[in-house]
Amino acid sequence: MKVGVFDSGIGGLTVVKSLLEHQLFEEIIYFGDTARVPYGSKDKSTIIRYGIEAVEFFKNFELDMIIVACNSVSAYALKEMQESATCPVIGVVEAGVLATANAMSNKESNILVIGTNATIHSQAYDLGLRAHNFTQVEAKATPLFVPLVEEEIFDGTILDATLQHYFKDITPPNALILGCTHFPLLKESLSLYFGEDTKLIHSGDAIVEYLENRFDFYKQYKKPTLKFFASENPEALRQIAKKWLNV
Ligand code: DGL
């Protein structure tokens, strides 16, 4: 199995990390659109155009599947990408909704979704969760977390102030959906802030659960081939990948 993983930038490496941990693919081709990140502040038509361009890029590789690691793209452009691709295109939003539905048996659980402006304005998570009969869903755009993660600020005073800024009036939810590629890198701090009773839903783990439930993976690839591409400064992306993924 050969998979393409697409993100607006470096954040999708959190999804690659989960794929590597579960040894699902023989070859992983990562494309980060680092020249045009962030997507989360862009409008729907721009995000759709970028998504289709990513599909065109991946046509060079004869892939078995494309995983859209970017929540903003999954929320706005999945259908258009599926229409222009010749292989299945899977997004993290549907996977995250299903992972939440599997994890939370009580339909009255309080669920908080956090993500970029694009993801939150799309209401993709809210609609998906409501279709699974969840009644207590709140969604909040928390875009400041993105540059903090890019600066590798995972804890400390700036992050604490940002957590306060966004969440001071919010009661700890039963589940917190990390609806942005970057947020899994803040999971310790988010867990500390909300307390251990809040279940965190991580896009990477959700995608793995989704794939394992829907596709037949019969091989475990201990050392998959990894290729990293970026629309700007691919070397910087490769260095971060080495550090975050230990490869
Ligand atoms: N990858 C984006 C997402 O998951 C976050 C960064 C961006 O705004 O491009 O929504």
Side-chain angles (χ1 to χ4, degrees), residues 4-19 30-55 57 66-78 80-81 89-97 99-100 112-128 139-154 159 162 166 176-187 190 200-208 210 228-233 236-237 240-241 244-245:
V5 178
F6 171 52
D7 183 45
S8 54
I10 56 171
L13 294 172
T14 56
V15 171
V16 174
K17 195 175 175 68
S18 299
L19 296 178
Y30 184 91
F31 174 52
D33 191 2
T34 47
R36 303 192 290 198
V37 69
Y39 281 15
S41 52
K42 301 204 163 61
D43 68 18
K44 183 175 177 177
S45 58
T46 306
I47 293 174
I48 291 175
R49 178 158 55 85
Y50 291 173
I52 293 172
E53 286 172 13
V55 171
F57 170 79
I66 295 171
I67 294 177
V68 182
C70 181
N71 282 264
S72 308
V73 177
S74 299
Y76 270 147
L78 196 68
E80 288 79 359
M81 291 178 74
V89 182
I90 316 282
V92 283
V93 172
E94 189 189 350
V97 167
T100 310
L112 175 63
V113 185
I114 55 173
T116 63
N117 284 309
T119 300
I120 299 307
H121 288 153
S122 76
Q123 295 190 307
Y125 277 105
D126 317 44
L127 295 172
K140 192 163 180 64
T142 57
L144 284 175
F145 289 142
V146 174
L148 290 183
V149 168
E150 297 208 345
E151 286 294 319
E152 301 190 63
I153 296 173
F154 305 131
L159 181 64
T162 314
Y166 285 133
L176 175 69
I177 299 187
L178 307 178
C180 173
T181 47
H182 290 56
F183 299 174
L185 288 145
L186 300 176
K187 66 176 193 279
L190 286 163
L200 302 190
I201 307 286
H202 174 317
S203 295
D205 296 341
I207 270 288
V208 167
Y210 184 90
F228 297 100
F229 296 90
S231 50
E232 184 177 279
N233 202 348
L237 175 86
I240 292 177
W244 287 6
L245 305 176

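Counting convention: from 1, in listed order, for ligands and their atoms alike. Sequence positions, counted from 1, serve as the residue numbers for this chain.
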### Message
Counting only heavy atoms closer than 4.0 Å, does ligand 1 sit against the backbone of N71, its side chain, both, or neither?
### Response
both
#### Entry: P38 neighbourhood, listing ligand 1 atoms whose heavy-atom distance to it stays under 4.0 Å
7 (C), 8 (O), 9 (O)
### Numbered atoms of ligand 1 (with element) below 4.0 Å of S72, judged on heavy atoms
3 (C), 10 (O)
### Query
How far is atom 2 (C) of ligand 1 from its nearest protein heavy atom, and which residue and atom is that?
C70 SG, 3.4 Å
#### Entry: F145 vs Y166 side-chain heavy atoms within contact, under 4.5 Å
yes
### Task
Pull out every atom of ligand 1 sitting under 4.0 Å from any heavy atom of S8, numbered as shown with elements.
1 (N), 2 (C), 6 (C), 7 (C), 9 (O)
#### Entry: Sub-4.5 Å side-chain heavy-atom contact between L19 and V208
yes
### Message
I want to check something: taking the side chain as every heavy atom from C-beta on, are F154 and L148 in contact at a cut-off of under 4.5 Å?
### Response
no
### Summary
Within the 4.0 Å heavy-atom cut-off, what V73 brings close to ligand 1 is neither
### Query
Between H182 and ligand 1, does any nitrogen or oxygen pair lie at a separation below 3.5 Å?
no
### Task
Fit a plane to each ring of Y50 and Y39, take the angle between them on a 0 to 90° scale, and name the class: parallel (under 30°), tilted (30 to 60°) or perpendicular (over 60°).
tilted
### Task
Would you mind running through ligand 1 and noting each atom that sits below 4.0 Å from a heavy atom of V37?
9 (O)
### Query
Counting each atom of ligand 1 from 1 as listed, which ones have a heavy atom of G40 under 4.0 Å away?
7 (C), 8 (O), 9 (O)
### Test item, G9 contacting ligand 1 (heavy atom, 4.0 angstrom)
no
#### Entry: Under 3.5 Å donor-acceptor, S203 side chain and T181 backbone
no
### Query
By number and element, which atoms of ligand 1 are closer than 4.0 Å to a non-hydrogen atom of D7?
1 (N)
### Task
Would you check if the side chain of T34 reaches a backbone N or O of G9 as a donor-acceptor pair within less than 3.5 Å?
no
### Message
Show the atoms of ligand 1 that are less than 4.0 angstrom away from any heavy atom in T116.
### Response
5 (C), 8 (O), 10 (O)
### Straight-line distance of T116 OG1 to K42 NZ, nearest 0.5 Å
11.0 Å
### Query
Which ligand 1 atoms are under 4.0 Å away from a heavy-atom of C180?
3 (C), 4 (O), 5 (C)
#### Entry: Value rounded to 0.5 Å, distance of CG in L186 from OG1 in T142
9.0 Å
### Task
With the side chain counted from C-beta on, respond yes when T14 and L178 share a heavy-atom pair under 4.5 Å apart, and no when they do not.
no
